[in-house]
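In what follows, a single structure is set out as structure tokens and then discussed.
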Amino acid sequence: MLPNSLSLVTMTSLRQGIRASLKQLLDEHENEETPAELLAMVQQEARLMQETELVKDALRADPFECLKGTNVDRLYKLLQVPDCHKVYTKAGYCNISAVCQFNADVKMKTRGTNSCVELHFHYERHGEIPIDGSDAPTVAYYIDLSRDNGPCERLLWVQVYAAGQSPSNKPAVNMMDAEDGEWEDMSDDDGEKDEEDVVKLGKRIREGTITEKREEPELEMKNASDDDDQEMENPPDRFIAGIDPEVLARFLQWTALGKDMDDDLASFYFLMTFPYYEHEFHLLDYLLEAVFGAPDEEGEDQEH
């Protein structure tokens, strides 16, 4: 749709103002940097300002209705995106890396934050299934937390292992079901052991799928080969997911957002509102199941 005449006039005026401001900037710094270098810096800063506004737009939309009791004006003032990179290829590979910064205000400084609190987002989707025995997940999404430019702590994680580039039509399998996966116990001190367990589970995934198929008994000779072929062509996706409740509590404390969140579910939805992951694979559902339990588990228990 073509814009009306008023929009065209407004756009023309805006463009003229932008060019005038850029020309003034170039004139003021003509002896410091080349025009091309200055304009590259302007382009980068403009892109990061745009990313900041996109985050604010996502929070304004509040798709999970988790910010009803939050002082959103304060939240918007705190937020800034100082770094963001996005890579997409024709082969289906995607990599998103971003940092959302909460600049310290008076409330945060009374909680011990001197400069800022940062959420580090990393999303990666592989376009093709690894054929070299790699244990890399098909999709991985992580959120890390840091304060005052200190070390990062893992706050949220989800890894999906799929047989193809799109989700299976079968219910996904939580790889941690066999473990003690209650989310209150996820933050034990043995972090290295947890990482080793996750790696071992990842390495077993594709072999485990094949092994399960071999161990399935043949219930019927009729159409057995067809069923096996369909099972091998479309095995269920598998996932590992979780949230460290202690790190989440630190984030809410350091940013002074804890009182604004109704409960743990609201703070979880707040984290998933940031637009730094794709929605093709159901990462939100996997996290909800891993953290709060499968939605039908309580119903099934009550029936029995």
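Computed from a predicted model, the values in this text were never measured in an experiment. As a basis for the values below, the full set of heavy atoms in this structure was taken, side chains included, without hydrogen atoms, waters or symmetry mates.
Using a distance-only test at 3.5 Å, with no hydrogens or angles considered, no donor-acceptor pair links the side chain of N103 to the main chain of Q80. Looking only at distances, a side-chain donor or acceptor of D148 sits under 3.5 Å from a matching main-chain atom of N114. Side-chain N or O atoms of E45 include none that pairs as donor or acceptor with a backbone N or O of V42 at under 3.5 Å. In this structure, D244 contributes its side chain and L155 its backbone to no donor-acceptor pair below 3.5 Å. When atom types are taken as modelled, the side chain of S168 and the backbone of K170 share a donor-acceptor pair closer than 3.5 angstrom. Within the 3.5 Å criterion, the main-chain N or O of A104 finds no donor-acceptor partner in the side chain of T113. T273 contributes no side-chain N or O that, together with a main-chain N or O of L59, makes up a donor-acceptor pair within less than 3.5 Å.
For the pair R238 and Y286, the cation does not sit on the ring face, since its NZ or CZ is not both under 6.0 Å from the ring centre and inside 45° of the axis. In this structure, R125 forms no cation-pi arrangement with F281, as its terminal cationic atom is not both closer than 6.0 Å to the ring centre and no more than 45° off the ring axis. Both tests hold for R147 against W254: distance to the six-membered ring centre under 6.0 Å, angle to the ring axis within 45°.
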Show your working on side chain to side chain donor-acceptor pair (under 3.5 Å) between Y93 and N95 and close with a plain yes or no.
CA-CA 7 Å; Y93 177 81; N95 188 303; 3.1 Å; yes

Please assess Y142 against E124 for the test side chain to side chain donor-acceptor pair (under 3.5 Å), listing each intermediate value before the final yes or no.
CA-CA 9 Å; Y142 309 105; E124 187 174 30; over 6 Å; no

Can Y277 and Y141 be said to form a ring pair (Phe, Tyr, Trp, His ring centres under 6.0 Å), step by step?
CA-CA 7 Å; Y277 64 98; Y141 183 52; 5.1 Å; yes

Could you go through the side chain to side chain donor-acceptor pair (under 3.5 Å) check for E289 and N174 one step at a time?
CA-CA 8 Å; E289 179 177 338; N174 184 352; 4.5 Å; no

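The line from CG of L54 to CZ of F274 is 13.0 Å long, rounded to the nearest 0.5 Å. Put simply, NZ on K107 and CG on L78 are 9.5 Å apart, with the number rounded to the nearest 0.5 Å. The structure places CZ of F251 at 12.5 Å from CD of Q253, a figure rounded to the nearest 0.5 Å. To the nearest 0.5 Å, the span separating OG1 on T52 from CZ on R47 amounts to 10.5 Å. Separation of atoms CG (D237) and CZ (F239) is listed at 10.0 Å; rounding is to 0.5 Å. Distance CD/Q101 to OG/S146: 8.5 Å, rounded to 0.5 Å.
Heavy atoms only, all atoms of each residue included: E118 and P82 are closest at OE2-CG, 4.4 Å. The shortest non-hydrogen separation linking P236 to P171 is CB-O, 3.4 Å.
Looking only at side-chain heavy atoms (C-beta outward), L284 and L288 come within less than 4.5 Å of each other. The shortest side-chain heavy-atom distance between L145 and R154 does not fall under the 4.5 Å cut-off. Looking at V117 and M108, their side chains come closer than 4.5 Å, going by heavy atoms from C-beta outward. Side-chain atoms of C100 and Y276, non-hydrogen and from C-beta on, do get closer than 4.5 Å to each other. In this structure, E278 and Y123 have side chains that are in contact, with non-hydrogen atoms separated by less than 4.5 Å.
Note on E51 versus K86: salt bridge recorded, some NZ/NE/NH1/NH2 to OD/OE distance being below 4.0 Å. One finds no salt bridge joining K77 and D105 here, because no Lys/Arg side-chain nitrogen approaches an Asp/Glu carboxylate oxygen to under 4.0 Å.
Counting heavy-atom neighbours within 6.0 Å of R60 CZ, excluding the residue itself, gives a total above 12. In Q43, the CD atom is not crowded: 12 or fewer heavy atoms of neighbouring residues, nucleotides or ligands sit closer than 6.0 Å.
Between the side chains of H85 and D83, at least one donor N or O sits under 3.5 Å from an acceptor N or O.
Relative orientation of the Y269 and F64 rings is parallel, given thresholds of 30° and 60° on the angle between their planes.
Not counting sequence neighbours, the partners of K23 by the side-chain contact (heavy atoms from CB on, under 4.5 Å) test are D27.
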